[in-house]
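One structure is given here, and the rest of the page talks about it.
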Amino acid sequence: MSLLPAFLDLRGARAVIVGGGRVALRRAHALLRAGLSVTVVAPEVQAEFSGLPVTVLARPYAQGDLHGAALVVAATPDARVNAQVVAEARAQGSLVNDAADAARGSLRFAAVAEEAGVQVAVSTGRELPMLAQALAQRCAELLPTEAQLGRWTAQREAALTLPEPQKHAALDTLRADIRRALGAA
Ligand SMILES: C[C@@]1(CC(=O)O)c2cc3[nH]c(cc4nc(cc5[nH]c(cc(n2)[C@H]1CCC(=O)O)[C@@](C)(CC(=O)O)[C@@H]5CCC(=O)O)C(CC(=O)O)=C4CCC(=O)O)c(CCC(=O)O)c3CC(=O)O
Ligand SMILES: NC(=O)C1=CN([C@@H]2O[C@H](COP(=O)(O)OP(=O)(O)OC[C@H]3O[C@@H](n4cnc5c(N)ncnc54)[C@H](O)[C@@H]3O)[C@@H](O)[C@H]2O)C=CC1
């Protein structure tokens, strides 16, 4: 069995992060980049949170804090608290990540390479973040520039307006150009 590789559009959805440490901060950045509205619940939060557009509830997690959250992250060092968060999230049908024990949650975070909307996300299917990061870094070296993406997109759109068999030929040429640029056989 493998995980479902998918990219979620959760713009505007509510996310709750329980815990305010280094891991919570990384998760907050990822969720904000994806347009979610983030609330952090933790008695103490990293100073960097004050510069982010997040709502901070400066207290320990309590049952009910996850109400209305489409996505939940449990990122405290206390396995019992994380388990309560995962249970509440699952009971209300939210996606949930347990930062200390990924197998308990329904969502794992990936290492990501990104350029102008092209995203390559790596999961190792286990807990080997250094491999995920190294793979994402290699992928980042292959990502086309925004200008190149613009040219290829325009080329494809122009090809789609052609009648057959010119359309087919133009798409084949573009496919070959892209594969050559990326060093794909
Ligand atoms: C299962 C998973 C969590 C999930 O997604 O549910 C997980 C688990 C664990 N990570 C640990 C440690 C660290 N992880 C990082 C960094 C990243 N970790 C990420 C993903 C994942 N980490 C998921 C699996 C990914 C996969 O393998 O496919 C990345 C890719 C994405 C992200 O977190 O945003 C992100 C790079 C972000 C970037 O580069 O931007 C650093 C910092 C660093 O390296 O700089 C450290 C500290 C150094 C170290 O200890 O290595 C520990 C030990 C904890 C302990 O000490 O107890 C566990 C738990 C365990 O292994 O039990
Ligand atoms: N997935 C990953 O990449 C990694 C996961 N981890 C795991 O994630 C957990 C958190 O790691 P860090 O962020 O480094 O920890 P940290 O020690 O920097 O921060 C812990 C945070 O949890 C908060 N907290 C403690 N009890 C709480 C409660 N009852 N309710 C709400 N908040 C509470 C603290 O106030 C603090 O903000 C660790 O247990 C570790 O096992 C650690 C490193 C990487």
Side-chain angles (χ1 to χ4, degrees), residues 1-8 10 13-143:
M1 208 195 66
S2 59
L3 300 169
L4 175 70
F7 289 87
L8 305 176
L10 291 175
R14 187 165 132 75
V16 176
I17 302 175
V18 180
R22 291 171 303 117
V23 177
L25 188 61
R26 232 173 33 234
R27 298 282 182 270
H29 280 292
L31 296 172
L32 289 170
R33 272 199 297 274
L36 287 90
S37 142
V38 176
T39 298
V40 175
V41 184
E44 285 180 51
V45 303
Q46 295 268 304
E48 287 93 326
F49 275 107
S50 65
L52 297 182
V54 300
T55 302
V56 174
L57 305 180
R59 55 166 177 74
Y61 158 77
Q63 183 86 20
D65 282 346
L66 313 181
H67 188 71
L71 189 154
V72 171
V73 176
T76 83
D78 185 333
R80 257 192 16 244
V81 173
N82 291 346
Q84 284 165 14
V85 172
V86 169
E88 184 185 344
R90 282 191 179 278
Q92 67 182 28
S94 316
L95 293 168
V96 60
N97 171 247
D98 184 330
D101 186 356
R104 273 220 288 235
S106 56
L107 180 142
R108 296 175 189 224
F109 282 81
V112 180
E114 179 163 6
E115 177 70 38
V118 176
Q119 293 179 299
V120 181
V122 180
S123 175
T124 63
R126 50 181 59 70
E127 309 208 346
L128 207 43
M130 46 293 279
L131 172 61
Q133 284 170 291
L135 284 167
Q137 197 181 320
R138 287 295 300 277
C139 291
E141 292 160 15
L142 289 172
L143 290 182

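None of the values given here were measured: they were computed from a predicted structure. In each ligand, atom 1 is the first atom listed, and ligand 1 is the first ligand listed.
Residue R126 holds the heavy atom nearest to atom 24 (C) of ligand 1 of all those in Q137, R108, R126, H29. Selection from P77, A42, A79, P43 by nearest heavy atom to atom 38 (C) of ligand 2 gives P77. For atom 14 (N) of ligand 1, the candidate residues are Q133, M130, R26; the nearest heavy-atom contact is made by R26.
For the ligand labelled ligand 2, residue E127 lies outside the 4.0 Å heavy-atom shell. By the 4.0 Å heavy-atom criterion, R22 is excluded from the residues contacting ligand 1. At least one heavy atom of S123 sits less than 4.0 Å from an atom of ligand 1. Ligand 2 has R27 within reach: a non-hydrogen atom of the residue lies less than 4.0 Å from it. At least one heavy atom of V81 sits closer than 4.0 Å to an atom of ligand 2. The shortest heavy-atom distance from A110 to ligand 1 is under 4.0 Å.
Applying the 4.0 Å criterion to heavy atoms of V41 picks out, from ligand 2, the atoms 31 (C), 32 (N). The ligand atoms of ligand 1 that sit less than 4.0 angstrom from a heavy atom of A111 are 30 (C).
Here T124 has heavy atoms under 4.0 Å from ligand 1 in both its backbone and its side chain.
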